[in-house]
Amino acid sequence: MSKLKQLFLDTSLFRLAYMLCLFFCMVMYVFVASYVVLCLLFVWGAALTVYTIIKKKTYNKLYLGLWIALFACSFAVTILFNLSLNLAAVGYNIVMLLHIGICFFLFYGMYTERTVPFRWELYLMARVFVYLSTIFTMVGLVLMLFTSGKFDNYMYYEGVFKGFYINPNYQGYVSVISIVFCHMLTKPNFIINSNQQRVSRLWIISCVFLNATALLLCDSNASLLLIIVYIAVYVLMKLFAMTENLTPKKMIIRMIILVVVGLIALSVMMFVRVFCRVGVTAVFSPDGISAQEVKDISSSAVFVPDEDSGFTSRMFLWKAGWELFCDSPLFGMGKGDLLDGVIEVTGRTNFNNDFDNDIFRMCFTDLHSGYLSVLNHAGIIGFILFFTFIVRYFMMIFPVWFLQRRIMTHSVYPCLISFIVAYMIFSFVERTILFDVTFFVMTFWLFIGYTACYALDFGYKRRGSFYIFNKKLHRKLI
């Protein structure tokens, strides 16, 4: 029993199993079985969360724990305000509350466990997903090339590559994550401090090349934005690290220059993407490619916000989400009632009919904007509390880098910060941040947790105390 208890309490094992299961939930042929396993892992995570709160009193050890507690309480009030006869919706809102606990306590709060091997864990995560993404992308590209793009719809929508994933957006995001992990695995301090072996350069080069190719051939504009912003933020941090006496003027000038360069780079990448997709379509079309097909590919490569394409239409979903928020502005409507709410305000009874099961329709209905999702599901009160936590979190991790920026050249810390900042930009146009149990959301919280571990390890401390209702609390909670 003691060994079983040790396995149950091993949060590192849980995070690895959870992330792997979420990854396979995106993969064709195995995603149904993966969702079954995910339900079991979710129960494990929820039980672990309750255990850490009650037995380990983790809430006393969490930096910024007061904002986390207030946000969780706020969403609990949201659930109470939205009780209805739709038991599935109420149940899903409760699942979201447990999901919030997993994000905050088991991912962000991983540093509360003094003995957690976060360097080794990050190294293992990076290595596993570099190997998986390289193999999956390579096999997908080979099947595409040697079956003229017709094997199980590996090429569809006039030259959109989706690989082994059920959606081309998943291919794009996995490609970005794998490239970021490859970048981390080139950092010598990371390898040494993890006490692990260096990953073969052949693996890293293959991973970057194959996934960069897949990123150009899939239709995920948001993933392209994510990698461009990641590179831009990392370069900006390198420029700041090379300057001894940083003044506000120097910082503003460098930021403006980098924004301009980033926009140019994004435009160039969009053009290269159109060129690649037109070329692949021409190769796989027995009669060649027509001028109309070139026009269609070119127009679909650029985000058109007012195009009403149903499930993935941003403007359609943003408008519906805003109307629903206006109906319940204070505490929001929760996630469970979103599907019925969208149908009610738009009158589109066929919305999200890609899924036969109503439970799946409810789970996969999203507003395609992390910020609007928080505002809609948790209301203005929850939104303010959550983003107070985010702002305070940045106030925790950035000073650590700024004070030690000249000695962090070979560290993964700038990589972690760059990804988090890029993800916050990415979240404007994708289903991200919190109210989804997906690989997208959990990689964000994984990076949030590892960055907090590094910040505390590099010496961040929050000293002092404050009082609430005559009770003395540690200042780190705020």
Side-chain angles (χ1 to χ4, degrees), residues 63-64 103 107-108 122 125-126 172-173 175-184 187 190 215 220-243 246 248 250-266 269 369-374 383 386-405 408-409 411-434 439-456 458 460:
Y63 278 77
L64 315 177
C103 291
F107 281 75
Y108 163 69
L122 176 56
M125 289 279 188
Y173 186 75
S175 294
V176 172
I177 285 292
S178 60
I179 291 171
V180 171
F181 277 141
C182 282
H183 186 205
M184 292 182 182
K187 297 294 180 180
F190 177 44
L215 186 59
S220 180
N221 294 327
S223 295
L224 195 61
L225 173 67
L226 177 62
I227 193 63
I228 292 294
V229 177
Y230 171 80
I231 295 171
V233 174
Y234 185 81
V235 171
L236 183 65
M237 294 177 73
K238 290 283 285 187
L239 292 175
F240 286 168
M242 294 166 58
T243 306
L246 274 178
K250 290 180 180 179
M251 293 178 68
I252 292 172
I253 291 174
R254 282 166 172 75
M255 290 176 68
I256 292 174
I257 292 174
L258 206 63
V259 168
V260 173
V261 173
L263 290 173
I264 294 172
L266 184 61
M269 291 297 288
S369 172
Y371 298 96
L372 183 56
S373 294
V374 175
F383 184 87
F386 180 78
F387 282 98
T388 298
F389 162 77
I390 293 293
V391 171
R392 292 288 295 112
Y393 176 81
F394 279 119
M395 293 171 65
M396 178 176 80
I397 63 174
F398 268 113
V400 173
W401 168 79
F402 188 81
L403 293 174
Q404 305 185 50
R405 64 189 186 279
M408 285 190 175
T409 305
S411 169
V412 296
Y413 196 65
C415 303
L416 292 167
I417 292 179
S418 298
F419 179 81
I420 292 172
V421 174
Y423 193 94
M424 297 303 291
I425 303 297
F426 173 71
S427 296
F428 278 102
V429 294
E430 267 298 346
R431 46 188 299 180
T432 53
I433 293 189
L434 189 58
F439 186 75
F440 285 57
V441 171
M442 298 317 297
T443 48
F444 171 67
W445 287 98
L446 198 68
F447 276 68
I448 286 278
Y450 290 139
T451 309
C453 288
Y454 273 99
L456 295 173
F458 284 135
Y460 177 82

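Since this is a predicted model, take the numbers as computed values, not measurements.
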Looking only at heavy atoms, the pair that brings Leu122 and Met184 closest together is CD1-SD, 4.3 Å
Beyond-backbone contact of Tyr371 with Met424, side-chain heavy atoms, under 4.5 angstrom = yes
Less than 6.0 Å separating the ring centroids of Phe402 and Phe398?
-> no
Evaluation steps, side chain to side chain contact (heavy atoms under 4.5 Å, CB included), between Met125 and Ile177 = CA-CA 11 Å; Met125 289 279 188; Ile177 285 292; over 6 Å; no
Looking at residues at least two apart in the chain, or sitting in another chain, which of them share a ring pair (Phe, Tyr, Trp, His ring centres under 6.0 Å) with Phe439?
-> Phe23, Phe129
Shortest non-hydrogen contact between Ser223 and Gly172, atoms and distance = OG-C, 3.3 Å
Under 3.5 Å, side chain of Ser369 to main-chain N/O of Val429, donor-acceptor pair present?
-> no
Return yes if some donor-acceptor pair links the side-chain N/O of Glu430 with the main-chain N/O of Ala222 below 3.5 Å, else return no.
-> no
Can you tell me how far the CD1 atom of Ile448 sits from the CD1 atom of Ile397, to the nearest 0.5 Å?
-> 6.5 Å
So do the side chains of Leu64 and Met395 get within less than 4.5 Å of each other, counting heavy atoms only?
-> no
Have Ser411 and Tyr454 got a donor and an acceptor in their side chains that come within less than 3.5 Å?
-> no
Going through the checks in order, is the side chain to side chain contact (heavy atoms under 4.5 Å, CB included) test met by Phe394 and Ile420?
-> CA-CA 10 Å; Phe394 279 119; Ile420 292 172; 3.7 Å; yes
Partner set under ring pair (Phe, Tyr, Trp, His ring centres under 6.0 Å) for Phe383, not counting sequence neighbours = Phe387
When rounded to the nearest 0.5 Å, the distance separating SG of Cys103 from CG of Leu434 is 5.5 Å
Indicate the atoms forming the closest heavy-atom contact of Ile433 with Ser427, along with that distance.
-> CG1-OG, 3.3 Å
Any chance you could measure Leu456, atom CG, to Thr451, atom OG1, to the nearest 0.5 Å?
-> 11.0 Å
Looking at residues at least two apart in the chain, or sitting in another chain, which of them share a side chain to side chain contact (heavy atoms under 4.5 Å, CB included) with Cys182?
-> Val130, Ile204, Cys207, Val208
Report all side-chain donor-acceptor pairs from residues 229-240 shorter than 3.5 Å, counting only partners two or more places apart or in another chain.
from   : atom 1 : to     : atom 2 : distance (Å)
Tyr230 : OH     : His183 : ND1    : 2.7
Tyr234 : OH     : Lys187 : NZ     : 2.4

Smallest heavy-atom separation, Met408 atom then Gln404 atom, equals CG-O, 3.2 Å
Minimal heavy-atom distance between Ser175 and Ser178, with the atoms involved, is O-OG, 2.8 Å
Listed partners of Tyr423 passing ring pair (Phe, Tyr, Trp, His ring centres under 6.0 Å), at least two apart | Phe419, Phe426, Phe444
Taking Phe447 as the fixed residue, which of Tyr413, Phe181, Phe107 is the one that meets the ring-ring contact (aromatic ring centres under 6.0 Å, His included) rule?
-> Phe181
Which residues satisfy the ring pair (Phe, Tyr, Trp, His ring centres under 6.0 Å) test with Phe389, sequence neighbours excluded?
-> Phe104, Tyr108
Euclidean distance, Leu416 CG relative to Phe190 CZ, rounded to 0.5 Å = 8.0 Å
State, with a plain yes or no, whether a side-chain heavy atom of Arg431 is found less than 4.5 Å away from one of Phe440.
-> no
For the rings on Phe386 and Tyr393, is their centre-to-centre separation under 6.0 Å?
-> no
How long is the gap from OH on Tyr173 to CD1 on Ile227, to the nearest 0.5 Å?
-> 11.0 Å
